[in-house]
Amino acid sequence: MTEQALLALAADAVLLIHLAVAIFIVFGLLLIYLGYFLQWLWVRNFWFRVAHLLCIGIVVVQSWLGEICPLTTWEMALRARAGEVAYSGTFIQHWMQYLLYYNAPEWVFTVSYTMFGCLVVASWFIVSPTRNSN
């Protein structure tokens, strides 16, 4: 395997991690509220909730500061080093890229992330985490 192929593979891995973080943030909140209604104790797990709050907190702070996510920067740097200009890879790679990166003004993302972050903070009061949950 060539160095460029390895770099492209590493970029794909970073994209997968980025997608996993985005899924964790979005579906984590959905599961917290669903778990409240279905009385799932695990959605009150303190460390799960701290990780979830930290993830969206980082996204909100970055958007307010106008910073690009380090995962995005890392992925794009790897793609550039691999000699990739645009996505010409697999179907899955194309759609993961499509799901993570949208074309909209920056303020739309800042407002969206902030509102979502507020819902996560609200979940701490509505579905309070406990250190003893399973």
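Side chains included, hydrogens not; waters and symmetry mates left out as well; all remaining heavy atoms used.
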* To do: Determine whether Leu15 and Leu19 make a side-chain contact, defined as any pair of heavy atoms from C-beta on separated by less than 4.5 Å.
  => no
* Asked: So if you build clusters from Ile, Leu, Val, Met, Phe, Trp, Tyr with side-chain heavy-atom gaps below 4.5 Å, do Ile25 and Val61 land together?
  -> no
* To do: Output, in order, the C-alpha distance, side-chain angles, deciding distance and verdict of side-chain contact (heavy atoms from CB on, under 4.5 Å) for Val60 and Met115.
  => CA-CA 9 Å; Val60 171; Met115 289 174 35; over 6 Å; no
* Structure fact -> Minimal heavy-atom distance between Ala82 and Ala8, with the atoms involved, is CB-N, 3.7 Å
* Taking all non-hydrogen atoms of both residues into account, name the closest pair between Gln62 and Ile68 and its distance. => NE2-O, 4.4 Å
* Asked: Would Val26 and Val111 show up in the same hydrophobic cluster when neighbours are defined by side-chain heavy atoms closer than 4.5 Å?
  -> no
* Asked: Shared ILVMFWY cluster between Trp64 and Phe116, side chains joined below 4.5 angstrom?
  -> yes
* Non-neighbouring partners of Leu38 that pass side-chain contact (heavy atoms from CB on, under 4.5 Å), sequence neighbours left out -> Leu34, Trp40
* May I ask you to check whether over 12 heavy atoms, not counting those of Tyr33, lie within 6.0 Å of atom OH? => yes
* With sequence neighbours excluded, residues passing side-chain contact (heavy atoms from CB on, under 4.5 Å) with Glu3 -> Leu7, Arg81
* Structure fact -> Residue set satisfying side-chain contact (heavy atoms from CB on, under 4.5 Å) with Val14, at least two apart, ordered chain then number -> Leu71, Trp74, Glu75, Leu78
* **Leu53-Phe125 co-clustered via ILVMFWY side chain contacts under 4.5 Å** => yes
* **Which residues share a ring pair (Phe, Tyr, Trp, His ring centres under 6.0 Å) with Phe24, sequence neighbours left out** => Phe48, His52
* Nearest-0.5 Å distance, OG1 of residue Thr130 to CG of residue Leu41 -> 7.5 Å
* Are Trp107 and Tyr113 joined in one hydrophobic group, where the rule is that I, L, V, M, F, W and Y side chains link up if heavy atoms are under 4.5 Å apart? -> no
* Structure fact -> For Thr110 and Ser63 the tightest heavy-atom approach is OG1-O, 3.4 Å
Donor-acceptor contacts under 3.5 Å from residues 117-124 side chains, at least two apart:
unit_1: Ser123; atom_1: OG; unit_2: Arg49; atom_2: NH2; d: 2.9
unit_1: Ser123; atom_1: OG; unit_2: Val120; atom_2: O; d: 2.5

* Could you list the residues that satisfy side-chain contact (heavy atoms from CB on, under 4.5 Å) with Ala5, not counting sequence neighbours? => Met1, Thr2
